[in-house]
J.: 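Could you have a look at this structure, given as structure tokens, before my questions?
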Amino acid sequence: MKLLVFLLLPYLSLSEVGKDFSKCRQFFLNNDPPQITLPADVSVKQVKHICQCLKDKNKIKYLYATLYNTAWRIPIYSAYVFGSPNVERVDRWYIEPQLDLGTTAEPCMSPQDRDSIINQAVNCDYVYSGYDRGHLYPVQHTNNHLSMLATSTLTNAAPQDPTFNQQEWKKHEKAVIDDLKGCKGKAYVVTGVVPDINKQIPKRNPIVTVSKYYWRANWCLKNNKVTEKGYFGPDNNGRVEELSIAKLQEKLEKYYNIIIFPSVPPRAQKTPGMVVINSLAFNL
């Protein structure tokens with residue numbers, strides 16, 4: 001497998017879509033994003049680091065981080081700090097202007113207001129598609145109005161089977177709330193998808209890749225001990241499997257290699273011939 005390395009060098013642009021997560025590393029455990037290797041047909045130019053933000057009283061508020069693939073038009077993962085939910089959901093879907101207009105666009109997500117979008121999914125892609133807009137960072141894991149709004153950007157969603165989304169995955173998201181109760185300090189979460197590269201929506205113009213599997217990894221301190229857990233679904237019974245993060249990473253190796261919490265020992269074994277530079281890797 002050819003490995004793709006995401007460089008985390010200082011990035012001086014004012015853009016919130018860029019080459020690294022330098023403006024939103026606080027959403028990763030120990031400020032350390034996952035190390036991930038992607039298939040050979042994924043170009044580094046297609047992979048975008050998004051520091052998801054909204055403006056509050058003209059001040060930019062960073063709310064979570066997303067690694068996005070403009071060729072698949074879905075996120076690879078979103079990382080966030082868990083919050084005890086106390087807000088009602090409002091579906092006001094946004095897009096990321098800078099994915100299409102570059103640094104001249106507004107730095108934060110905004111409502112869709114144009115048709116000439118080529119690097120991300122839009123609402124009409126989901127209409128009559130038979131798939132839900134499946135959140136990676138879900139409303140259930142937010143604790144304020146601004147974060148709730150920010151989850152409803154199409155760069156934080158992938159086409160998800162509606163039965164799985166509305167039943168087993170929804171129950172899983174509620175179960176995570178119980179899992180993370182009593183955590184001391186911050187609880188860090190990374191949620192990702194495995195794309196089905198042979199399936200896209202909409203039917204007339206298939207351009208948005210459907211998610212084949214969803215996964216999630218949690219980490220926190222509880223009772224002075226590390227609590228970590230992985231999730232993967234749907235399994236063969238259409239449910240969400242609970243497993244260790246090490247086992248989750250092994251399962252994901254069929255699709256891409258990832259070290260979800262690279263600052264936490266023991267580290268997963270790197271693929272032979274791989275050089276890791278911060279969070280991305282190249283095959284030698």
Side-chain angles (χ1 to χ4, degrees), residues 1-4 6 17 34 36-50 52 66-78 91 93-102 109-138 151-170 190-216 232-236 238 240 251-258 280:
M1 175 185 290
K2 181 180 179 181
L3 303 181
L4 178 69
F6 297 84
V17 175
I36 184 169
T37 66
L38 295 171
D41 60 350
V42 177
S43 165
V44 68
K45 294 181 180 180
Q46 298 168 345
V47 180
K48 306 296 183 181
H49 301 73
I50 305 176
Q52 302 278 16
T66 298
L67 190 67
Y68 191 82
N69 187 318
T70 58
W72 297 341
R73 301 197 188 195
I74 58 173
I76 300 167
Y77 66 73
S78 285
D91 277 339
W93 286 92
Y94 298 97
I95 60 164
E96 176 46 66
Q98 293 193 15
L99 287 179
D100 283 284
L101 299 181
M109 64 184 73
S110 65
Q112 181 183 342
D113 58 359
R114 62 190 184 280
D115 297 324
S116 57
I117 295 175
I118 60 174
N119 289 318
Q120 59 193 300
V122 293
N123 277 316
C124 63
D125 293 327
Y126 285 84
V127 176
Y128 305 122
S129 70
Y131 290 90
D132 285 353
R133 294 165 295 194
H135 291 73
L136 276 67
Y137 178 17
T151 63
S152 290
T153 172
L154 289 164
T155 56
N156 180 52
Q160 189 175 39
D161 176 83
T163 300
F164 178 67
N165 180 39
Q166 297 167 29
Q167 296 181 21
E168 294 301 321
W169 192 249
K170 185 177 181 179
V190 182
T191 306
V193 304
V194 173
D196 187 340
I197 59 174
N198 297 314
K199 189 177 294 185
Q200 290 86 29
I201 62 170
K203 293 180 179 179
R204 291 187 177 182
N205 183 26
I207 52 177
V208 180
T209 304
V210 170
S211 54
K212 188 174 185 179
Y213 301 107
Y214 268 59
W215 58 266
R216 178 174 276 115
F232 185 90
D235 62 13
N236 292 335
V240 179
K251 187 178 286 286
L252 291 172
E253 284 178 0
K254 298 177 182 179
Y255 314 102
Y256 46 71
N257 293 329
I258 187 168
L280 296 180

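The first residue of the sequence shown is numbered 1, and numbering continues consecutively from there.
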J.: Test N156 against S78 for side chain to side chain donor-acceptor pair (under 3.5 Å), laying out the working first.
T.: CA-CA 7 Å; N156 180 52; S78 285; 2.9 Å; yes
J.: Count the heavy atoms of every other residue, nucleotide or ligand shown that sit under 6.0 Å from CD1 of I207, and state whether that count exceeds 12.
T.: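 Enclosed.
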J.: Anything under 30° is parallel, anything over 60° is perpendicular, the rest tilted; go ahead and classify F232 against Y255.
T.: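 F232 vs Y255 ring planes: parallel.
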J.: Could you go through the side chain to side chain donor-acceptor pair (under 3.5 Å) check for D100 and Q120 one step at a time?
T.: CA-CA 8 Å; D100 283 284; Q120 59 193 300; 2.9 Å; yes
J.: Testing the 3.5 Å rule here: is there a donor-acceptor pair between the side chains of T66 and Q52?
T.: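 Present: a donor and an acceptor within the cut-off.
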J.: Restricting to non-hydrogen atoms, name the atom on P34 and the atom on Y77 that form the minimum distance, rounded to 0.1 Å.
T.: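 What the structure gives for the nearest pair is CD-OH, 3.4 Å.
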J.: Any non-hydrogen side-chain atom of T155 less than 4.5 Å from a side-chain atom of P75?
T.: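 The answer is no; the side chains never approach within 4.5 Å.
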J.: Could you walk me through whether S152 and H135 satisfy the side-chain contact (heavy atoms from CB on, under 4.5 Å) test, starting with their C-alpha distance in whole Å, then the side-chain angles of each, then the deciding distance to 0.1 Å, before giving a yes or no?
T.: CA-CA 7 Å; S152 290; H135 291 73; 3.5 Å; yes
J.: Might you point out which heavy atoms bring S110 and P97 nearest each other, and give the distance in Å?
T.: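 Distance-wise, the nearest heavy atoms are OG-CG, 3.1 Å.
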J.: With no hydrogens and no angle check, is any side-chain donor or acceptor of R73 less than 3.5 Å from a backbone partner on I118?
T.: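 Between the backbone of I118 and the side chain of R73 there is a qualifying donor-acceptor contact (under 3.5 Å).
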J.: Does I36 reach the side chain of Y256, with side-chain heavy atoms less than 4.5 Å apart?
T.: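 Heavy-atom side-chain distance check passes, below 4.5 Å.
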J.: If I take atom OH from residue Y214 and atom CD from residue Q160, how far apart are they, to the nearest 0.5 angstrom?
T.: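 These two atoms lie 4.0 Å from each other.
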J.: Would the distance check show the side chain of D196 and the main-chain N or O of N198 forming a donor-acceptor pair, the cut-off being under 3.5 Å?
T.: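 Such a contact is found between D196 side chain and N198 backbone.
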J.: Any luck finding a side-chain donor-acceptor pair between R133 and N165 under 3.5 Å?
T.: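 Looking only at side-chain atoms, N165 and R133 do not form any donor-acceptor pair under 3.5 Å.
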J.: Test Y126 against I201 for side-chain contact (heavy atoms from CB on, under 4.5 Å), laying out the working first.
T.: CA-CA 7 Å; Y126 285 84; I201 62 170; 4.1 Å; yes
J.: CG of D235 to NZ of K251: how many Å apart, nearest 0.5 Å?
T.: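 Between D235 CG and K251 NZ, I get 8.0 Å after rounding to 0.5 Å.
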J.: If you apply the rule side-chain contact (heavy atoms from CB on, under 4.5 Å), what do you find for Y94 with L154, and how did you get there?
T.: CA-CA 6 Å; Y94 298 97; L154 289 164; over 6 Å; no
J.: Do Y68 and I76 make a side-chain contact, defined as non-hydrogen atoms from C-beta onward lying under 4.5 Å apart?
T.: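 They are not in side-chain contact.
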J.: If you compare all heavy atoms of T153 against all heavy atoms of W93, which two are closest, and at what distance to 0.1 Å?
T.: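 Minimum heavy-atom separation between T153 and W93: O-CZ3, 3.7 Å.
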J.: Check whether any side-chain heavy atom of V190 lies under 4.5 Å from a side-chain heavy atom of R216, and answer yes or no.
T.: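 V190 does not reach R216 side chain to side chain.
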J.: Check whether any side-chain heavy atom of P202 sits under 4.5 Å from a side-chain heavy atom of Y128, and report yes or no.
T.: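 No, every pair of side-chain atoms sits at 4.5 Å or beyond.
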J.: So do the side chains of V122 and V208 get within less than 4.5 Å of each other, counting heavy atoms only?
T.: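 No. Closest side-chain heavy atoms not under 4.5 Å.
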J.: Look at the side chain of Q46 and the backbone N and O of S43, then say whether any donor-acceptor pair between them is shorter than 3.5 Å.
T.: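 Confirmed, Q46 side chain pairs with S43 backbone.
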J.: Determine the minimum heavy-atom distance between V193 and W215, stating which atoms define it.
T.: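 Closest pair (atom of V193, atom of W215, distance): N-NE1, 3.6 Å.
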J.: Sub-3.5 Å donor-acceptor pair from the side chain of K45 to the main-chain atoms of V42, do we have one?
T.: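 Looks like no, no N/O pair under 3.5 Å.
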J.: Between V17 and E96, does the side-chain contact (heavy atoms from CB on, under 4.5 Å) criterion hold? Intermediate values first, please.
T.: CA-CA 8 Å; V17 175; E96 176 46 66; 3.4 Å; yes
J.: For the side chain of N119 and the backbone of L99, is there at least one donor-acceptor N/O pair under 3.5 Å apart?
T.: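 Yes, N119 side chain to L99 backbone: donor-acceptor pair under 3.5 Å.
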J.: Considering all heavy atoms of both residues, which atom of Y131 and which atom of P159 are nearest to each other, and what is their separation?
T.: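 That closest heavy-atom pairing would be CB-CB, 3.9 Å.
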J.: May I ask you to test the V47-L67 pair for a side-chain heavy-atom distance under 4.5 Å?
T.: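 Yes - at least one pair of side-chain heavy atoms lies under 4.5 Å apart.
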J.: Write down the atom of I95, the atom of A121, and the distance for their closest heavy-atom approach.
T.: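 Closest heavy-atom pair between I95 and A121: CG2-O, 4.2 Å.
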